[in-house]
Colleague: 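After the structure tokens below, expect a handful of questions from me.
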Amino acid sequence: MIRFEDVSVTYDGADAPTVSGVELAVPEGELVLLVGPSGVGKSTLLGTVSGLVPHFTGGTLRGRVTVAGRDTRTHKPRELADVVGTVGQDPLSHFVTDTVEDELAYGMESLGLAPDVMRRRVEETLDLLGLADLRDRPIATLSGGQQQRVAIGSVLTPHPRVLVLDEPTSALDPAAAEEVLAVLQRLVHDLGTTVLMAEHRLERVVQYADQVVLLPGPGQAPVLGSPAEIMAVSPVFPPVVGLGRLAGWSPLPLTVRDARRRAAGLRERLAGVAVPAVEGAAVGRAASRAEGATSRGVGTADRTEGAASPGEGVAAGQSALSVGADSLDGPVRPPGGRGLSGPVTEHTPRRRFSLRRLKPRPTPPATAADAPVTGPHDHTGSGPHDHTGSSTGTRNTVTPVTPVATAASLGVHRGRIEALRQVDLTVSAGETIALMGRNGAGKSTLLSAFVGLVQPSSGSVRVSGAVPHRTAPRELIRRVGLVPQEPRDLLYADTVTGECAAADTDAGAAPGTCRALVEELLPGIADATHPRDLSEGQRLALALAVVLTARPPLLLLDEPTRGLDYAAKARLVSVLRGLAADGHAIVLATHDVELAAELAHRVVILAEGEVVADGPTEEVVVSSPSFAPQIGKVLAPLPWLTVGQVRTALEAGA
Amino acid sequence: MSAHPAAVRRRTAAPVATRANALHPGAWWIWALGLGTAASRTTNPLLLGLLVGVAGYVVAARRSDAPWARSYGAFVKLGLLVLAIRLVFAVVLGSPIPGSQVLFRLPEVPLPDWAQGVRLGGKVTAEGLLFALYDGLKLATLLICIGAANALANPARLLKSLPGALYEAGVAVVVAMTFAPQFLSDLARLRRARRLRGRPDKGVRGLAQVGLPVLEGALERSVALAAAMDARGYGRTADVPVAVRRLTAVCTLGGLLGVCAGTYGLLAAQGAGFGLPVLLGGLALALVGLWLGGKRSLRTRYRPDRWDLRAWLVSGSGVAVAALMIGAASADPAALNPGVVPPTAPELPLWPAASVLIGLLPAFVAPAPASGGGTKVRGASKVAGAGKAAGARKAAAADQETSASSGSPAIDTRTTPRKEAT
């Protein structure tokens with residue numbers, strides 16, 4: 001159906017081809033998955049199929065691409081519109097009209113199909129994709145999953161024989177991703193559509209693929225094979241494959257179901273072994289265990305028994321810090337980064353961060369009007385306190401210390417929509433919390449409330465004693481930092497150096513602070529690089545460095561792994577772990593269950609603006625069908641969540 | 001047929017809007033332009049207020065939740081801005097109206113000889129201000145009528161009614177129009193991001209610093225949209241024989257030339273004899289060119305809106321308001337243009353006011369939007385203002401009557417807040 005004959009693409013001004021030596025044939029009616037690390041030219045290869053590369057993007061295409069017998073050199077994208085349907089990474093930039101039904105009809109109108117045919121196909125497609133109830137809705141009001149389905153539907157109505165999708169599920173919550181993938185599978189099985197798709201989140205898609213094309217590196221020739229064969233050699237692979245490699249299973253399992261069948265022995269072996277802790281988790285884990293899922297973090301302020309006086313509090317914090325630092329490199333550390341990305345990844349930073357520098361500064365005292373009445377020692381202990389689960393008996397006798405951030409029966413209205421309702425959340429130092437839930441459940445709104453971007457309509461928010469929306473931005477960034485969904489929004493300057501200098505000025509930090517942070521998070525970036533030229537992962541690291549320059553004790557990240565490949569994700573995980581061990585409180589809003597399993601001590605699930613679950617990660621996610629990570633599903637009912645944990649246990653046992 | 005009154009009313013009440021019974025956008029535009037024409041015939045502030053009230057009420061009752069429906073507020077603000085500017089000009093630059101009642105004097109700036117006839121500062125008279133107020137009110141009312149059409153008619157659907165040859169240009173216009181709201185939301189997002197960097201998110205400097213990233217983002221999105229449209233077949237053309245293509249070019253060019261020449265002939269002192277026929281001939285030729293040009297386009301139309309009875313009623317009500325007002329203006333010009341020199345209290349002429357109320361018809365015959373409307377109705381009575389309370393109250397009462405007997409929950413929910421409001 002699609003033939004690549006010795007294809008190479010060189011963009012204007014690039015000295016090496018982005019992809020080269022592509023010699024492939026995609027047969028009709030197959031779902032072919034394109035995998036590889038970031039920046040190997042997956043999107044470029046997809047673009048050659050629809051003709052957008054090079055007709056629209058410029059550059060030079062050598063060789064020949066034919067789709068259903070049409071040569072893309074002589075056919076413009078619009079002349080291929082009836083055989084190729086393309087959906088890009090961002091469905092919103094794909095829509096031409098404003099309502100669902102018109103959008104579905106748009107492509108057919110362009111092709112000049114007869115009105116009765118259009119009407120019939122629109123009705124069929126509405127049913128096929130489950131969009132019938134949304135037919136009159138303006139597209140702007142739909143959720144992410146719905147928009148993605150509309151985008152797919154809009155290219156399906158002209159009945160293309162090839163569907164090209166670039167990261168169709170990356171921005172979606174797990175349930176919406178399942179929805180979209182179920183639709184794709186139905187198209188392949190029932191209609192014989194050929195699907196070519198690139199996706200970073202292999203754990204979601206690899207089991208649906210008939211064949212996998214691996215692009216091992218920039219400019220390297222692709223390898224085509226069955227999913228199991230390719231996964232055995234691929235530098236990117238889902239956790240279930242990681243587990244299979246670890247346990248030496250052959251052929252490799254691709255689905256949770258396959259793995260579960262093999263895993264009986266492994267489960268037995270692990271049954272008696274204690275699960276290694278998520279590192280730096282002593283505080284959060286013990287505390288959340290003590291309080292459990294029942295108390296929704298109301299009592300979290302109780303857990304700071306150790307801080308009887310300011311001096312002691314700081315001392316305890318520092319000793320805990322050094323313990324945390326040791327444990328980073330000590331034997332207990334589950335090698336999360338390397339574990340995930342496997343032996344092929346060389347990007348895992350060898351150097352750990354100098355923890356002292358990154359340590360959050362003691363919280364500045366709150367403005368008098370906003371400060372709750374508390375003792376003088378309340379703001380001193382930002383580091384994790386020397387605290388174990390055993391001391392819970394003393395909780396009634398000790399004065400509580402203010403946690404890093406609290407939300408108490410918080411309600412937020414956005415227009416006529418109640419985005420948050422009666423949300424209680426307490427964030428303690430050194431704790432990592434994953435906020436999960438559907439698109440539109442209120443995760444981003446909650447983060448915005450913590451940085452004062454939205455004003456609560458009821459209840460209260462406090463960050464280090466300050467009310468965020470009434471605090472001047474300059475003050476606030478020393479208390480809380482948010483890396484937004486699109487890290488690029490934070491970057492204004494045209495060089496990395498300029499960005500860093502601006503960040504130092506903004507934060508009132510010593511010149512060079514931000515640059516040093518960049519050097520640690522992202523070694524070897526040239527000073528003159530334009531932030532726009534960085535990859536997604538690098539841009540995230542730069543934005544993170546900018547935010548950390550003010551050393552906020554509370555760090556918020558909104559959907560940080562969107563568009564990151566496994567290597568970049570593994571780097572992010574080790575960076576965030578280091579920060580948590582330093583005493584930063586971290587709240588992540590994410591759809592990525594694997595990330596939550598790797599990082600979070602506590603998981604909070606939001607639905608319709610309310611907290612529906614709050615508890616230690618292993619308790620919340622293991623029982624949930626949509627939020628459980630793959631390893632959790634394979635090894636259930638045992639509370640193992642990551643390949644790293646299993647590896648540590650096996651190594652310790654061997 | 002049994003003529004049970006409740007059953008009759010239920011049958012005649014406006015249906016809930018769906019794709020199938022959507023009112024033709026052209027009908028809304030004719031209605032709004034009718035109101036606008038009426039507004040251009042009078043300077044009576046009471047009549048103008050009544051027109052604004054009628055437009056506002058219909059918008060409140062019949063606009064949907066769609067993004068374009070929100071533009072009404074912007075047009076109202078624009079109207080007020082125009083009114084304010086008109087008044088400021090009248091104060092600063094003076095007014096040609098000879099007035100005797102001096103309110104206050106501004107220091108006059110002496111201007112050189114060549115600027116004779118222009119005055120800066122000086123005395124400000126009540127008559128001049130009143131004239132400017134009436135004049136500005138007229139402009140504002142016109143703008144608000146246009147805003148009502150924008151809020152009620154879906155621009156994309158209107159586009160579908162364009163001839164094929166103009167379609168592609170039309171898409172470009174509509175896409176450009178959606179650019180503005182996206183631009184604004186980008187701006188808001190980046191200003192929020194500034195706050196995250198610890199910089200003040202208000203003020204001119206803040207705006208300037210996010211300007212470039214916003215432009216870059218907008219440009220990138222446009223390119224992505226263009227790629228998506230191209231990949232979906234935008235701009236595909238049919239093979240048209242060379243002869244037809246040439247004929248199209250000749251017809252269009254010739255037609256346009258004819259129109260120009262004809263218009264010149266009509267306007268020039270001599271030559272009125274050949275002006276009209278040349279104009280009509282050019283117009284016909286241009287239309288043939290347009291029709292031929294449409295042959296190149298392969299496009300078909302998916303569920304175009306039908307011009308049904310409701311569309312006739314809506315557009316007819318607008319035309320009726322315009323016609324009656326024009327008639328009234330020639331019958332009794334004094335009532336429609338209250339005296340400025342000397343200032344007299346404007347009176348509400350009964351028959352023109354009654355004819356303006358015909359413009360409320362769409363609020364009852366146009367299909368009702370599917371959901372939500374309570375808060376909007378409340379907002380609208382505010383727009384209508386106290387002066388127009390009579391019309392609004394009357395309309396509300398009438399609407400309550402129809403909705404009280406109808407069992408539709410959608411309409412019931414709308415009535416409750418309206419009672420509070422009135």
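Residue numbers start from 1 in every chain, and the chains themselves are labelled A, B, ... in the order their sequence lines are given, proteins ahead of strands.
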Colleague: Taking R474(A), R135(A), R488(A), R119(A) one by one, which has the highest count of heavy-atom pairs under 4.5 Å against chain B?
Modeller: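 Most heavy-atom pairs within the cutoff with chain B belong to R119(A).
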
Colleague: What option among D102(A), V546(A), T505(A) has the most heavy-atom pairs under 4.5 Å with chain B?
Modeller: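 Top count of heavy-atom pairs under 4.5 Å with chain B: D102(A).
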
Colleague: Less than 4.5 Å to any heavy atom of chain A: does that hold for the side chain of V214(B), its backbone, both, or neither?
Modeller: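 When you check distances to chain A, no heavy atom of V214(B) falls under 4.5 Å.
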
Colleague: Side chain to side chain contact (heavy atoms under 4.5 Å, CB included), that's the test. Do T72(A) and T48(A) meet it? Break it down for me.
Modeller: CA-CA 8 Å; T72(A) 60; T48(A) 58; 5.8 Å; no

Colleague: Any idea which of G88(A), S448(A), A105(A), G51(A) has the most non-hydrogen atom pairs under 4.5 angstrom with chain B?
Modeller: A105(A)

Colleague: Could you walk me through whether T157(A) and Y106(A) pass the side chain to side chain contact (heavy atoms under 4.5 Å, CB included) test, one step at a time?
Modeller: CA-CA 9 Å; T157(A) 43; Y106(A) 178 82; over 6 Å; no

Colleague: For chain B, which of D116(A), V547(A), V122(A), L491(A) has the most heavy-atom pairs under 4.5 Å?
Modeller: V122(A)

Colleague: Side chains of T44(A) and Y11(A): closer than 4.5 Å at any heavy-atom pair?
Modeller: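 Touching, per the 4.5 Å side-chain cut-off.
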
Colleague: Against chain B, label E499(A) side chain, backbone, both or neither, depending on which of its atoms sit under 4.5 Å from a heavy atom there.
Modeller: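 Answer is both: backbone and side chain atoms of E499(A) are under 4.5 Å from chain B.
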
Colleague: Assess whether side chain to side chain contact (heavy atoms under 4.5 Å, CB included) is satisfied between R192(B) and R189(B), documenting all intermediate values.
Modeller: CA-CA 5 Å; R192(B) 282 205 302 272; R189(B) 208 183 74 233; 3.8 Å; yes

Colleague: Between chain A and each of S222(B), A224(B), A231(B), count heavy-atom pairs under 4.5 Å; write down the option with the most.
Modeller: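 Highest number of heavy-atom pairs under 4.5 Å: A231(B).
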
Colleague: Do D82(A) and R70(A) make a side-chain contact, defined as non-hydrogen atoms from C-beta onward lying under 4.5 Å apart?
Modeller: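 Heavy-atom side-chain distance check passes, below 4.5 Å.
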
Colleague: With a 4.5 Å heavy-atom cut-off, do L113(A) and Y302(B) have their side chains touching?
Modeller: no

Colleague: Which atom pair, heavy atoms only, marks the closest approach of L165(A) to I152(A)?
Modeller: CD2-CG1, 4.2 Å

Colleague: Sort A226(B) into side chain, backbone, both or neither according to what part of it lies under 4.5 angstrom from a heavy atom of chain A.
Modeller: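 Both backbone and side chain.
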
Colleague: Quick one: which of L111(A), D98(A), L52(A), T86(A) has the most heavy-atom pairs under 4.5 Å with chain B, could you say?
Modeller: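 Max contact count across the listed options: D98(A).
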
Colleague: To the nearest 0.5 Å, what is the distance between CD on E109(A) and OG on S297(B)?
Modeller: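 Here the rounded value is 10.0 Å.
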
Colleague: Non-hydrogen atoms of chain B under 4.5 Å away: do they reach the side chain of L490(A), the backbone, both or neither?
Modeller: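 For L490(A), backbone and side chain are both near chain B.
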
Colleague: Heavy-atom distances under 4.5 Å only: say whether R299(B) touches chain A with side chain, backbone, both or neither.
Modeller: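 For R299(B), the contact with chain A is made by backbone and side chain together.
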
Colleague: Knowing that exactly one of Y72(B), W28(B), W29(B) qualifies, which makes a side chain to side chain contact (heavy atoms under 4.5 Å, CB included) with N150(B)?
Modeller: W29(B)

Colleague: As an exercise: rank D506(A), V483(A), V480(A), L92(A) by heavy-atom pairs under 4.5 Å with chain B and give me the winner.
Modeller: D506(A)

Colleague: Chain B heavy atoms under 4.5 Å from A472(A): which part of the residue, side chain, backbone, both or neither?
Modeller: neither

Colleague: Is P531(A) close to chain B through its backbone or its side chain, or both, or neither, when contacts mean heavy atoms under 4.5 Å?
Modeller: neither

Colleague: Could you tell me whether R303(B) and E101(A) make a salt bridge, using a distance below 4.0 angstrom between a side-chain N and a carboxylate O?
Modeller: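 Result for this pair is yes, salt bridge flagged.
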
Colleague: Can you tell which of E220(B), R197(B), E216(B), R301(B) has the highest number of heavy-atom pairs within less than 4.5 Å of chain A?
Modeller: R197(B)

Colleague: Between P77(A) and chain B, with a heavy-atom cut-off of 4.5 Å, which part of the residue counts as in contact: side chain, backbone, both or neither?
Modeller: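 For P77(A), the contact with chain B is made by backbone and side chain together.
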
